[in-house]
Structures are given as C-alpha cells and as structure tokens.
Amino acid sequence: MKKLVILFVILAFLAGISCSREKAFSKIDLSGSWKFRTGDNLAWSKPDYSDSSWKEIKPGTIWEYQGYKKYDGFAWYRIRVNIPSAIQKNSAEKDSIQFLLGKIDDCDQVFLNGEMIGENGKTMYDNVPVTDEFTKVPDKWNVSRRYVLPVNDPRIKWNGENVIAVRVFDQAGAGGMFAKPFEISMVGLKDHVLFDFTSFAFKYLDDNHLQKDFTIINKSGKGDYNGNLSFTVFSYLNGNKLFEKEFPVTLKNGNKSTFSFSFKIDPQTQAYALVAFKENKSGQSVTEKLEVPYILTPKVSLEPRINSARIFGVRPWSPFQFKVAATGQAPLTYMADNLPDGLKIDGTNGIITGVLKQKGDYEVILKVRNSLGMATQNFKIKVGSTISLTPPMGWNSWNCWGLSVSDAKVRSSADYMKSSGLIDHGWTYINIDDGWEYQHDQDGNILTNSKFPDMKALCDYIHSIGLKIGIYSSPGTKTCGGYEGSYTFEDKDAAAYARWGIDYLKYDWCSYGSIAPNPNTEQMKHPYLVMEKALRAVNRDIHYSLCQYGMGDVWTWGASVDGNSWRTTGDIEDTWESMSTIGFSQGKCSPYSTPGRWNDPDMLVVGWVGWGPSLHNTGLTPNEQYTHITLWSLLSAPLLIGCDLSQLDPFTLNLLTNDEVNAIDQDPLGRQAKQSIANAEYQIWIKDLEDGSKAIGLFNLTENPLNIPVDLKPLNLPGRYSMRDLWRQKNLGQAETHFEMNVMPHGTVLLKLQKIK
Ligand code: GLA
C-alpha cells in the first residue's frame, strides 16, 4: 500500500512537471517588466541598441499609472526574449507564431530584431500633432494587438535572443500598452474558433430558468471541426456544479453556428459558466468563461415610495418643470405642501410646472398616496443662478444609435422610459447626441435634417410625459460626426434651442481643434464662454455639458465657464479596460465636484449598445456592470443610459432601478467619492453623504472572488457603525475597527455606514 502511495506521488510529481513544462513551452509570457523611455528614435528598434539605462515598466497598465502622468506623444517599449523551438514542437498546429501585445493607446509599430512586423494607428481629432505618416492611420486604441508571422520568417531567431521593440504614439489622455494578454504563442484552435456571447443577452424564462444563446465561428479556413461542446455552470460561492450539458457538434468551416442552453438557477445566485469546445482530431480545446447575471435589487414595494432628487435648482423666470418620481401600486396621487406661488403640481402624474420670479430657497413637502398608504419627502427648491443641483439622470442616443438617431427612435426611447418604469426612479433626460443637424439657413437659423422633421413637436411630446430633452452641438464648424456645428452661430443656436424647449446641451469640442490648435487654458475656455453667454441670454434653464475629453484638466475650470458637467475623459466603450480605466482614474477630479458642477466620466455602457444601427449586448460582465453603476454613483457622475431602451432585460432594469444606489449618486451634498485605497487587487472609495453617513464602495480588480479587508481606523472612520448593503437593501449589523467582504471578480459591494452615537 505504502509503495503504491509513493508510486502515485512520483507519478503525480512527474505529471506535474510535464504539465508545467508543456505549459511553460506552449507560450512565452511577456507580461513581466519591459524597458521603457519616452521620446522617439528609430535606432531604438535595433537589437544591439543598449537600453540598460531605460526605466522598467509593466505592459498591462497605461504609463500614467507608472510614473508618466500626463505624458502624451512618442515612447518606446523594449524586451529581450528567447523563443525556444519547443513551443512549436508542443503545438498541434505548427505553421504560425503570434505576438499578442494587449492593447496600445493610441498607436504602435512593432519591431522584431530591428525590423517592423506590424502596425496599428490612429488620428482622431484635427488637432493631432501629426509628426509623421505613422500617426495618420485610423483609430485603433481599443483593438487587441495580434501580429502573426509564419514560423519560417527570417526575422525570428529560434532558440536565440530576440528583441521586441514597440514604438508608441499617444495622442492624448491614457497612453501605452495595457489590457492583456502579453505573450508569444503558436497559432492554434483558440485562434480559429471564436465564441460570441454578445449577439444575444441571457433570456429570463419562467420558473427561474435562464437561457443563453451564443454563436461560435470557425474561421480556420482549414475545414470543418468535429468535437464536443459543453456548458457547465458553477457557483462562485462554493464551486458547486449547478448545471452541466455536453453534446457533439460540427463547426462548419467559415460558418457561424448558434447554440442555446437553458438551466434553472435562483436569480440571486452568483455563478459563471465554462463553455468549452473540444476538437476530436487534435484533442485541443477552447474554453471561455461566461458570467451568469444575478439580480440584487429587491422587488419594488406596492406601498408608495418617492424616488426623485431631494433638491432642485432653477433660475428666476425660467420655465419650471420637475416630475416627482414615485413607485407603488397604481393609481398614485401626487401632492406638494408649501409649494411656492407660481408653481402647481398635477396630482395624477406628479409634474410640477410654473415660474418662480424671486431668488430664494423653498422647503416643500412632497406626498404620494395610494390605497396602501402615503410617502412623504422633503424637497428643497433653490431659485438662484445654479441649476442641476444633482447629477442629471437620463438617456443619450450616442452609445446605441450613433449617427443613425432619428425622431422616431427618440420618441420611442421616451415611451420606453415611461413604460419600463425608469421614469418612476428619477430617470429624466432624453438626450439627442450627434446626427440631428442639417445646416444654417440664410438668416443663420439652424435647420434639422430629414430624420428630425419637427424639433419643437418632439420637445413638446417629451415634456408631456414629464421628461426633459437634450441636444448636441460643437463650437467648431463641424461636429465629431461631420454634421454642422455652432461656430459663429452660437446666439442663433441657443435661441433655437430655447424656442424648441431644449433642457440640456452637450457641447463637443471636435473640429474646434482646427480653429485653436494646441490651445492654452484661455483658448480652451473661449468657445465655451461664447456659448455660455448665448445660453444665459435665453429664458430657459439648459444644463450645460462640456465635452472636450478632459483637455487642460477641465475639472479645474469647468465651473468658471458655468458648465454644469464636463467630460473628464475620452469616449467610453463596453469593455472592462475602458470602463475601469476611466472610472478608477477619477480620483483626481474629486475636489471639483459640487452641486451643479459635475465631473462626467462619460455615459453608461450597460444593456444593448453599439454606436450605430446594429447593436450588441454590452461586453461588460454582470459583475462589471455592478461596478460601473456603483462607481459612477460614488463619483456623483451624470447617469446617462446609453442603450436601446426597447430591449431592457430584467438584469439591466434592476441595475438601473435600485433606489438606494441611485440615491448615492443623487445625494444633495454633491461630494464625489475619494479613492481611499488602491492596490493591484482592490480599491476602496468613500463618499460623504448629506446625513453624515458614508457610502463605501469595495471593488475587486482581480478575476477571482476576493475577500476585501476593511480597516476602519486608517480610513478615518473610528467608532461603531451600522452597516447596510445598498444593492441588496439589507442591514448587515454593526461594524467596528475591521470587517471583510467577499467581492465577486471585477465586482463590487456598496455599503452605507452610519455612525452609532
Ligand atoms: C465625441 C463624443 C461622443 C459623441 C460623439 C458624437 O466622440 O465624445 O460622446 O458625442 O462625439 O459624434
């Protein structure tokens, strides 16, 4: 028996060695340190160039996080690496080798032993300092870098030292190599068989069943693949297998095949599926992880509840419109005590309208009643010069419809805002982004294009629902989408907006770069001041949203041009890299957030998005979406849904209608959370709230569940606290000194801590 055990141990040991050896030789890891320097010199591509004085850098994170804050322009990365022929020997396919270099912001040329093996590049705005042809190719910053060479390419030194040199050009904002993977590997099955999980969302069937459809493409060009497809669901909590199914499939050469699995699962269970295709002939397999959505937001109570913001700013004489957002069993009756003269509330829909002529503060009590009871909420109206005293909540057309937006799509979005119930949770704005403009007529009036036959009628329709409407323009001659901008027509445009009944203007720098190339701060402010003056001249409160991607640290001066919000970054995309890089870099803007002045890390990328006529389900996992909404709420960010509202599934709707989470965003104090702890594994952000309590977001940056420790004293939180889980809307008892929370991969826990006296 003893001998058997020893034999078993030896065998297991050998198996371990052979496995790890195979692993070690099946790919070459490039995620360790590279050499780095800023500047540009083509001699740095040469293998015999000495980079010993260069600094070390990690490739998975932008250079701003590694000591090169605010650096834009050229920089080089270099690494020396042995390419053993064993990786070819161990591979089922032996023809091609690939260099996977994560993603690169913005563009790159890759050299192997001094010779270029590929490039990807961009120029996005007119003011790009074009230093050579390399920066003139199309936008590619968010594209995975994959450079493939035949194994007999003479530039590869098999079994010898190779120098990979990457020349990077960063136009603005984040720069350098990021995301993953960074490796050299042989091209194999995983590169030919591609899973697409975003063409279909999870479907909620009756009786706690979820259905997932997805496609697999065989793009090998090498014939059909026969094998087995398996779908196995595991609990994150205990690793238990919750569902398993496997069957034989043929993936036809060049074809896309659709598969469907349905399984029973409690809607709150945190789980993931491993989806695997194992090919018969080579024995190779490809496995992808797919997170299963889970719902945390409790069902809305039948008793009345008021969900709208507790403070509202308006200018004297401006038309007043505010809809009381409330949930509860219909019919609801809306009332307001102490409403100042000049305002009235419609008892059937809660829309307050009128005009207030005097500056001053009014304390109103809102009441909503149904057959089950009555809800009350204090509501402060501040008549003064500042509007948007809580961050705007609404919808914007860009992240779904792009330039294909139309009157019909905007109307139907407003209808869905109402029928989905979003309106009852405080979602208010329906914002038209780029794509509505035609040209200025002889008298300088801006004309809409044929997709928007009657802007005034559209605005009236949106207002009749109790919603507000936004529009988009550029201080340049052209918008980013190439439509007519406002340059020299600012007064006329502002007057048109007021005539139509517009409530929100997103004013996007775009082609203004050719009017003011390389602008200093004053030059950056100038076009925004011109439009500000035009907006102040009309008798309407129009939320003024600056969009210039954070240039010149706009958060430090956006208030001085009377901006109500300002984009702090470039455009967001529905990837973890994009959302998390933007979201977690907002700490620098925290001090500048205050009621009426909001940092805007760009719109939400949940639900069906796509930037054009064809849409896909967001590329963010369910946990990443919880992180997205939690982080944006902690940041007091404008919450602008960017998805097709006609396709809201229960997961997305629950994500957007958690009133305790939304209340963190809408807290009247208007403070932005501070990044209190940031390390490679997790972050903790803390936001001060009006009632003296704190909202605390714990974020897991790793790809596995993680226990996040919270030490209260170093966070400046001495004493005892009652603790509430806001997503679950559940009290968790008391906390003192230290506690820990298990947080899902790329996920979050959002807590409210109230000091116990
Ligand atoms: C820029 C903005 C986007 C969108 C488009 C419209 O890229 O950052 O949010 O408004 O322009 O063209």
Side-chain angles (χ1 to χ4, degrees), residues 105-106 122-128 138-142 171-174 392 394-406 409-410 413 429-438 448-449 451-452 469-487 493 502 504-514 524 527-528 531 543-552 554-555 558 563-575 578-579 581-583 598-606 609-613 615 628 632 637-643:
D105 199 337
D106 292 302
K122 73 170 250 173
T123 178
M124 195 163 163
Y125 307 112
D126 292 346
N127 61 337
V128 175
D139 179 7
K140 288 280 168 56
W141 72 272
N142 203 16
Q171 181 245 319
W395 172 89
N396 171 293
S397 58
W398 184 250
N399 287 357
C400 51
W401 301 122
L403 295 172
S404 74
V405 64
S406 66
K409 283 174 177 160
V410 172
S413 303
Y429 287 94
I430 296 287
N431 291 352
I432 309 166
D433 207 279
D434 203 356
W436 63 270
E437 316 85 337
Y438 177 47
T448 56
N449 62 40
K451 293 185 293 156
F452 288 87
I469 181 161
I471 211 161
Y472 167 99
S473 189
S474 168
T477 54
K478 290 275 176 266
T479 66
C480 292
Y483 285 77
E484 179 102 334
S486 291
Y487 185 59
D493 285 4
I502 294 293
Y504 188 115
L505 172 66
K506 173 173 171 183
Y507 206 44
D508 193 348
W509 180 268
C510 300
S511 68
Y512 194 83
S514 49
M524 277 182 223
Y528 287 98
M531 182 50 97
H543 175 103
Y544 192 24
S545 153
L546 318 188
C547 177
Q548 42 84 290
Y549 340 110
M551 281 189 309
V554 61
W555 46 92
N564 297 113
S565 57
W566 39 82
R567 277 272 297 278
T568 54
T569 74
D571 290 11
I572 196 168
E573 302 202 5
D574 58 320
T575 62
S578 168
M579 186 276 289
T581 307
I582 289 177
W598 310 110
N599 295 309
D600 175 3
D602 206 4
M603 300 171 288
L604 302 176
V605 278
V606 302
V609 293
W611 296 272
L615 305 180
H628 189 16
W632 262 237
L639 297 179
L640 293 170
I641 303 168
C643 70

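Counting begins at 1 with the first residue of the sequence. Both counts, for ligands and for their atoms, begin at 1 and track the order of listing. Heavy atoms only: backbone and side chains are in, while hydrogens, waters and symmetry mates are out.
- Looking at C510 against ligand 1, nothing comes within 4.0 Å, counting heavy atoms.
- Heavy-atom proximity to K506, at under 4.0 Å, picks out these atoms of ligand 1: 3 (C), 4 (C), 9 (O), 10 (O).
- For ligand 1, none of its N or O atoms has an N or O atom of Y549 under 3.5 Å away.
- When all heavy atoms of W395 and C400 are compared, the pair lying nearest together is CZ2-SG, 3.9 Å.
- Residue contacts with ligand 1 include D508, since one or more of its heavy atoms lies under 4.0 Å from the ligand.
- In terms of N/O distances under 3.5 Å, ligand 1 is not approached by W398.
- From Y472, atom OH reaches atom SG of C547 across 6.5 Å, with rounding to the nearest 0.5 Å.
- Using the six-membered ring where Trp is involved, Y507 and Y528 have ring planes that are perpendicular, over 60° apart on the 30 and 60° scheme.
- Around atom 4 (C) of ligand 1, the closest heavy atom drawn from T569, D433, L640 belongs to D433.
- With no hydrogens or angles considered, a side-chain donor-acceptor pair links D434 and T479 at under 3.5 Å.
- When D571, I572, D434 are ranked by how near their heavy atoms come to atom 3 (C) of ligand 1, first place goes to D571.
- Within a 6.0 Å sphere centred on OH of Y483, heavy atoms belonging to other residues, nucleotides or ligands number more than 12.
- Across every non-hydrogen atom of G485 and D493, the tightest pair is O-OD2, 4.4 Å.
- Taking only nitrogen or oxygen atoms, main chain and side chain alike, D602 does not reach within less than 3.5 Å of ligand 1.
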